[in-house]
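Chain naming here is simple, since letters A, B, ... match the order of the sequence lines and numbering starts at 1 in each. Everything quoted here is computed from the prediction, not taken from an experiment.
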Amino acid sequence: MAYWLMKTEPTTFGIDDLRRRGREPWDGVRNYQARNMIRDQMQVGDGVLFYHSNCPVPAIVGLATIVSAAYPDPTAFDPTDPHYDPGSVPERPRWYVVDVAYDRHLPRPLPLTELRGCPELDGLTLLRRGNRLSVMPVQPEHWDFLIGRASHPVPPCIETDTKA
DNA sequence: GCCAACGTTGGC
DNA sequence: GCCAACGTTGGC
């Protein structure tokens with residue numbers, strides 16, 4: 001049982017789209033590091049933090065669950081698909097997907113700016129400078145902390161606390 | 001729209 | 001196998 005964070009642009013496919021559809025293949029990933037995590041490490045039942053990027057308030061907005069083992073990404077085989085890759089053939093697939101199911105929205109979104117102020121999240125890949133992976137691992141302690149924090153309607157202000 | 005960071009490509 | 005050029009990501 002592991003935890004992950006997945007990035008998505010809400011204008012393309014956001015948490016509300018996932019809720020509407022219930023379940024969705026996480027396709028179009030074209031990065032080898034991300035591919036390796038999808039293909040080699042993700043397991044049914046793993047937890048997913050759903051993150052909105054490239055939008056007015058980048059934030060972790062909800063939870064999802066991995067509901068399939070990895071299988072070849074069908075969009076890589078489709079010449080009409082924007083993610084088509086002629087180098088990936090069914091006999092020797094290059095790219096993989098897992099299916100992801102909607103779990104729930106967080107009680108409140110956790111904006112990136114807020115997360116940067118939390119020393120408890122030291123080491124979280126999302127907060128590392130220049131990180132561009134669309135899929136990344138999350139440590140269980142970070143998962144627990146994030147879920148706990150999202151249940152506080154008014155976040156404790158780290159900077160004020162330390163100054164006070 | 002700017003720009004830093006990173007991955008990929010391709011010449012050598 | 002090195003590395004400069006280029007493209008993409010994504011916060012701001």
Under 4.0 Å between a side-chain N or O of [X] and OP1 or OP2 of [N]?
X: A:Tyr51; N: C:dT9; result: no
X: A:Arg129; N: C:dT9; result: no
X: A:Lys7; N: C:dG10; result: yes

Would you kindly give the [atom1]-to-[atom2] distance between [X] and [N], to the nearest whole Å?
X: A:Asp85; N: B:dT8; atom1: CG; atom2: P; answer: 12 Å
X: A:Glu9; N: C:dT9; atom1: CD; atom2: P; answer: 8 Å
X: A:Leu133; N: B:dT8; atom1: CG; atom2: P; answer: 10 Å
X: A:Leu126; N: C:dG11; atom1: CG; atom2: C1'; answer: 11 Å
X: A:Leu115; N: C:dG11; atom1: CG; atom2: C1'; answer: 14 Å
X: A:Asn131; N: C:dG11; atom1: CG; atom2: C1'; answer: 12 Å
X: A:Arg30; N: C:dG7; atom1: CZ; atom2: C1'; answer: 17 Å
X: A:Leu127; N: C:dG11; atom1: CG; atom2: C1'; answer: 13 Å

Could you note down all residue pairs passing side chain to side chain donor-acceptor pair (under 3.5 Å) where residues 57-80 of chain A supplies at least one of them, sequence neighbours left out? A:Arg30-A:Asp73, A:Arg30-A:Thr75, A:Tyr71-A:Asp99, A:Asp73-A:Thr75, A:Asp78-A:Thr80

So what does A:Arg116 touch, heavy atoms closer than 4.0 Å: a base, only the sugar-phosphate, or nothing? sugar-phosphate

Going by an N to O cut-off under 4.0 Å, is there a salt bridge joining A:Glu114 and A:Arg108? yes

What's the closest nucleotide to the A:Tyr32 side chain, out of B:dT8, B:dG7, C:dG10? B:dT8

Which ILVMFWY residues are connected to A:Tyr32, directly or by a chain of links, through side-chain heavy atoms under 4.5 Å apart? A:Trp95

Quick one: NE2 on A:His83 to CG on A:Asp27, what's the gap to the nearest 0.5 Å?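 Going from the NE2 atom of A:His83 to the CG atom of A:Asp27 covers 6.5 Å.
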
